[in-house]
Amino acid sequence: MSERSAAPGGLALIESLVNTLDMETGADSLDTPEGRERLGVPEAGLADARELRESLRAVLLAHAGHPPHRAVTPLGTLLARAPLYVAVDERDGAARLAPADAGPLLSRVAAAVAEALVAGTWTRLKACQAQTCHWAYYDRSPAGRGRWCSMQVCGAREKMRRYRAKGA
């Protein structure tokens with residue numbers, strides 16, 4: 001839905017996962033082999049990927065100051081199952097948290113969250129406040145107060161709703 005550029009670093013993975021479901025139409029790209037392959041989700045891991053997606057969406061809504069869209073497994077509970085280790089680059093000594101097993105989506109998401117926490121970008125990844133959207137987007141606004149994935153679509157719809165509610 002969004003015309004915004006992809007989130008930086010590992011947040012692009014999280015943004016991509018959350019945006020596999022178009023809440024307005026119900027289309028879920030995880031239903032297709034191509035959609036699962038793009039994220040490295042085996043068919044047997046589909047239920048877990050969907051659970052992770054909706055837990056992430058709830059957190060991204062919280063980043064934007066909104067309540068969860070529905071009851072979900074807390075993200076912390078899910079991420080506790082993803083073992084990470086401290087990887088140190090032998091060339092420059094840089095350290096980062098990395099997944100102990102880079103294959104599973106959960107491990108890659110946990111590493112991306114850790115990377116974003118260190119970079120200070122985690123709370124900039126948000127979910128659109130529009131009830132029919134909740135698309136993930138990276139808020140690049142200077143004050144970090146973005147509310148919609150797209151001002152041209154979701155923002156315009158909301159402004160029109162408010163205008164009509166005034167009775168104009």
Side-chain angles (χ1 to χ4, degrees), residues 1-66 68-70 72-84 87 96-141 144 146-155:
M1 164 98 42
S2 178
E3 71 280 349
R4 296 174 183 253
S5 56
L11 289 178
L13 169 66
I14 295 169
E15 181 180 51
S16 182
L17 173 60
V18 171
N19 292 344
T20 57
L21 176 64
D22 182 331
M23 294 185 77
E24 193 167 20
T25 66
D28 186 346
S29 66
L30 292 178
D31 287 338
T32 68
E34 299 81 24
R36 289 189 301 275
E37 183 180 317
R38 188 171 50 84
L39 292 168
V41 176
E43 193 163 355
L46 190 53
D48 290 340
R50 286 188 171 131
E51 179 182 37
L52 177 59
R53 175 182 66 199
E54 297 313 314
S55 293
L56 284 163
R57 188 183 318 278
V59 168
L60 302 187
L61 282 164
H63 287 174
H66 304 291
H69 58 303
R70 62 180 176 89
V72 297
T73 304
L75 183 59
T77 300
L78 296 176
L79 295 181
R81 301 181 202 152
L84 300 176
R96 65 181 175 82
L97 286 175
D101 181 353
L105 180 61
L106 180 63
S107 296
R108 291 181 286 132
V109 165
V113 170
E115 173 191 322
L117 284 170
V118 171
T121 57
W122 174 234
T123 58
R124 288 280 183 150
L125 190 62
K126 299 178 179 183
C128 181
Q129 80 173 31
Q131 293 294 322
T132 59
C133 183
H134 294 320
W135 203 254
Y137 68 94
Y138 187 77
D139 183 0
R140 288 182 168 81
S141 67
R147 299 169 61 182
W148 299 288
C149 65
S150 167
M151 279 303 296
Q152 288 72 27
V153 179
C154 293

Hey, are the side chains of Leu21 and Glu54 touching, using non-hydrogen atoms and a 4.5 Å cut-off? yes
Side chain proximity check, Leu17 to Arg53, heavy atoms < 4.5 angstrom: yes
Please lay out, stage by stage, how Leu56 and Val59 fare under the test side chain to side chain contact (heavy atoms under 4.5 Å, CB included). CA-CA 5 Å; Leu56 284 163; Val59 168; 5.7 Å; no
Sequence neighbours excluded and cut-off under 3.5 Å, please list the side-chain donor-acceptor pairs for residues 110-119, or say none.
residue : atom : partner : partner atom : Å
Glu115  : OE2  : Gly10   : N            : 3.2

Distance (rounded to the nearest 0.5 Å) between Asp31 CG and Leu46 CG: 7.0 Å
So which heavy atom on Val72 is nearest to which on Ala58, and how close? CG2-CB, 3.7 Å
Run the numbers on Glu15 and Trp135 for side chain to side chain contact (heavy atoms under 4.5 Å, CB included), then give the verdict. CA-CA 8 Å; Glu15 181 180 51; Trp135 203 254; over 6 Å; no
Shortest non-hydrogen pair, Gly35 vs Thr32, comes out as N-OG1, 2.9 Å
Can you tell me if Ser55 uses its side chain to pair, donor with acceptor, with the backbone of Thr73 under 3.5 Å? yes
Do Leu84 and Pro99 come close enough that some side-chain heavy atom pair is under 4.5 Å? yes
Can you name the closest pair of heavy atoms from Arg124 and Tyr138 and give their distance? CB-CE1, 3.3 Å
Looking at His63 and Ala127, would you say the former's side chain and the latter's main chain have a donor-acceptor pair under 3.5 Å? no
What pairs with Arg81 under side-chain hydrogen bond (donor to acceptor under 3.5 Å, both in side chains), at least two apart in sequence or on another chain? none
Within the 4.5 Å heavy-atom criterion, are Arg140 and Ser5 side-chain neighbours or not? yes
Nearest heavy-atom pair of Ser107 and Ala82: which atoms, and what distance? CA-CB, 3.9 Å
Side chains of Leu11 and Ile14, heavy atoms from C-beta outward: is any pair under 4.5 Å? yes
Determine the minimum heavy-atom distance between Leu60 and Leu125, stating which atoms define it. CD2-O, 3.3 Å
Please confirm whether the backbone N or O of Leu30 pairs with a side-chain atom of Arg36, one donor and one acceptor, at under 3.5 Å? yes
Nearest-0.5 Å distance that lies between atom CG in Leu39 and atom OG in Ser29: 7.0 Å
Quick one: closest heavy-atom pair of Asp28 and Arg50, and the distance? OD2-NE, 2.9 Å
How long is the gap from OH on Tyr137 to CG on Asn19, to the nearest 0.5 Å? 11.5 Å
Starting at NE2 of His69, measure out to SG of Cys133 and round the result to the nearest 0.5 Å. 12.0 Å
Test item: side-chain donor near acceptor, Gln129 and His134, under 3.5 Å: no
Straight-line distance of Leu75 CG to Arg57 CZ, nearest 0.5 Å: 13.0 Å
Could you walk me through whether Asp48 and Leu106 satisfy the side chain to side chain contact (heavy atoms under 4.5 Å, CB included) test, starting with their C-alpha distance in whole Å, then the side-chain angles of each, then the deciding distance to 0.1 Å, before giving a yes or no? CA-CA 9 Å; Asp48 290 340; Leu106 180 63; over 6 Å; no
Got a second to check how far Asp22's CG is from Thr25's OG1, nearest 0.5 Å? 3.5 Å
